[in-house]
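Data first, discussion second: the structure below is written as structure tokens.
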Amino acid sequence: MLKKSSKIIILSPYILLTCFAFSLDAIVRYLEQIIERIPIIGSVSKLFVPCLFILLVLLSSRRIKKIRIKDFLFIFIFYILLGLSFVMFENNQPYIELYFYSIVFSIVPYYFLGLTFEYTDNMKKWLRFFALISIIIAWLYLAYYYSTGRIFQTDSMYEAYAVVIHVMILLDWAFEKLDLLNAILSVAGVLYLLSMGTRGPLLIVIIYCGVLVIRKSFSSTKKKVILICILILLAVIFGFTDLFKEIITWMKTIVGGWGLSTRVFDSVLYGVAQDSLDDRSRIYTVLLRSLSKKPFLGYGLYGEYPFIEWSAHNMFLQTCFEFGYIIGIPLILAFIILSIKVIKKTYKKDVGSFVLLWICYIFPQSFFGGNIVSYYMFFTIGLFIMLNRETRFYNENLLPAKSR
């Protein structure tokens, strides 16, 4: 255990399980690659992650008492829909078979993680610590990759989405307690996203920063609110100046010299973002035209894959395409209503900051990407179900008083 300011910071198996689950792509996969290079045990490196998570789940088994029998109803219905999609839609079968292992062992468990999630002080501190490590590892990997003489030939969406949640956690930390270390880490995280050439994660971060500013202004004095508004106005004005363009050009030169993507900088300087919009427009046209032929029942889970070989790049469209308008629209409305209820219920609590973080992570993605069958959606559903049924909270922590 670690000590900081006379407070004990405990790393329990459950906290380690949660932190590893959030850092699967940002930290754990690198550990797997390191083990793979160790003589003798390297040949069984693929078993490292499953065994690690099984061990941590077993050590965290007391959390199971937070799961209720009716919580299994969601998973039961999901598996029924998955089975019906496999039986009724022959074209979906190859994709369901391809992703079945990932669904059962990688995605569904996040639902139960959400149901048992506890945003205690210890959890918050360790999530921040893992976020810090994630950003450091990301930059170290870039340095190693570049030192081998290789360059990123394409934009790296996977790398960007692997760390964006950690960048958001660091930004939340910076807004809560602004010091030099937090500021440096947050800037390093944003610069990393810039260098990956993917605009989606940057949009998520911008939206989240706006939410943090608004939330901070509600707890500030009128003078601070006025100061924040002035700073935002000045930042917007600065964005239209020649000096801003010169800075962006300079940053583009540096990042390009490192062999990284300059796509985001090009978008700012020249407005070359139309290619991505055109691709999405073509996808939406194909799916909407197909949906018009089966508007009521849709094409089943993974139904869009036979048409475009990938997800719909819009979770609202994906829901309607897979379930039809009769089921899809009520599902979308139910999730939005549940999200609003959870925000209202937790806004003034400590866990409210985490809820807003997760909302900002989920909803922007739903318009330009994302997938309804994903770890973040299943975690969100589990988390929101659990938060919605809690009647009161203990101090600033997530657990109700009777559970502590």
Side-chain angles (χ1 to χ4, degrees), residues 11 13-37 45-46 48-53 56 102 105-107 109-110 113-114 117 119 123-146 152 154-174 181-182 184-205 208-209 258 260-261 264 354 357-358 360-362 364-365 369-371 374-380 383:
L11 180 59
Y14 174 74
I15 291 178
L16 186 59
L17 171 65
T18 305
C19 291
F20 271 148
F22 284 172
S23 308
L24 194 60
D25 294 327
I27 295 178
V28 178
R29 68 186 175 111
Y30 292 111
L31 292 176
E32 188 178 50
Q33 291 176 19
I34 292 173
I35 294 174
E36 187 178 353
R37 287 164 173 76
S45 61
K46 296 299 181 183
F48 168 71
V49 173
C51 291
L52 173 64
F53 277 92
L56 292 176
S102 176
F105 297 104
S106 299
I107 295 176
Y110 277 87
L113 185 67
F117 185 74
Y119 197 61
M123 178 67 78
K124 182 195 300 185
K125 291 170 183 175
W126 281 107
L127 284 175
R128 289 172 173 176
F129 175 76
F130 271 74
L132 181 155
I133 297 299
S134 297
I135 300 302
I136 292 175
I137 288 177
W139 276 109
L140 287 176
Y141 179 74
L142 276 186
Y144 163 75
Y145 196 90
Y146 185 64
F152 281 91
T154 59
D155 308 315
S156 192
M157 182 182 297
Y158 178 82
E159 303 292 342
Y161 275 105
V163 302
V164 64
I165 192 69
H166 301 291
V167 175
M168 296 169 73
I169 290 172
L170 291 177
L171 285 168
D172 177 60
W173 191 5
L181 176 62
N182 293 346
I184 291 174
L185 291 172
S186 299
V187 171
V190 173
L191 287 176
Y192 179 83
L193 295 180
L194 282 169
S195 65
M196 291 297 101
T198 304
R199 290 157 294 195
L202 280 171
L203 178 60
I204 291 172
V205 168
Y208 184 57
C209 286
W258 291 343
L260 302 175
S261 174
V264 173
F354 183 82
L357 182 151
W358 209 254
C360 291
Y361 180 65
I362 291 293
Q365 281 193 73
N371 194 324
S374 58
Y375 80 88
Y376 46 83
M377 279 304 302
F378 273 63
F379 175 81
T380 304
L383 176 67

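One-based numbering along the sequence shown.
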(Q) Run the side chain to side chain contact (heavy atoms under 4.5 Å, CB included) test on F129 and L11 for me, step by step, so that the C-alpha distance in whole Å, both residues' side-chain angles and the decisive distance to 0.1 Å come before the verdict. (A) CA-CA 11 Å; F129 175 76; L11 180 59; over 6 Å; no
Q) Should M168 and W358 be marked as a side chain to side chain contact (heavy atoms under 4.5 Å, CB included) after you check the CA-CA gap, both sets of side-chain angles, and the distance that decides it? A) CA-CA 9 Å; M168 296 169 73; W358 209 254; over 6 Å; no
Q) What's the verdict on side chain to side chain contact (heavy atoms under 4.5 Å, CB included) for H166 and L170, showing C-alpha distance, side-chain angles and the deciding distance? A) CA-CA 6 Å; H166 301 291; L170 291 177; 5.7 Å; no
Q) Run the side chain to side chain contact (heavy atoms under 4.5 Å, CB included) check on F53 and F105 step by step: do they pass? A) CA-CA 10 Å; F53 277 92; F105 297 104; over 6 Å; no
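Counting heavy atoms from C-beta on, the side chains of W173 and K124 never come closer than 4.5 Å. Within the 4.5 Å cutoff, no side-chain heavy atoms of M377 are placed close to those of I107. Using a 4.5 Å cut-off on side-chain heavy atoms (C-beta onward), F20 and F130 make contact. Annotation: side chain of I165 is in contact with side chain of L357 (closest heavy-atom distance under 4.5 Å). Proximity of I204 to Y161: side-chain heavy atoms (C-beta onward) are separated by under 4.5 Å at one or more points.
Considering CG of L191 and CD1 of I184, their distance stands at 11.5 Å, rounded to 0.5 Å. Note that OG of S23 is 8.5 Å distant from CD1 of I137, once rounded to the nearest 0.5 Å. Taking CG of L132 as the reference point, atom CD1 of I136 lies at 4.5 Å (rounded to 0.5 Å). Atom SG in C209 sits 10.5 Å away from atom CG in D172 (nearest 0.5 Å). To the nearest 0.5 Å, atom CD1 of residue I133 and atom CG of residue L140 are 9.5 Å apart.
Remark: the backbone N or O of V164 is not paired with any side-chain donor or acceptor of Y192 at under 3.5 angstrom. Although no hydrogens or angles enter the test, the distance criterion places no donor-acceptor pair under 3.5 Å between the side chain of W126 and the main chain of I15. The backbone N or O of A21 sits nowhere less than 3.5 Å from a side-chain atom of Y375 that would complete a donor-acceptor pair.
Here the shortest heavy-atom pairing between P13 and L56 reads O-CD2, 3.9 Å. L202 approaches L193 most closely through the heavy-atom pair CD2-CB, 3.9 Å. Nearest heavy atoms, T18 versus F117: CG2-CE1, 3.7 Å.
A parallel orientation is assigned to the rings of F22 and F354, their planes being inclined by less than 30° (bins at 30° and 60°).
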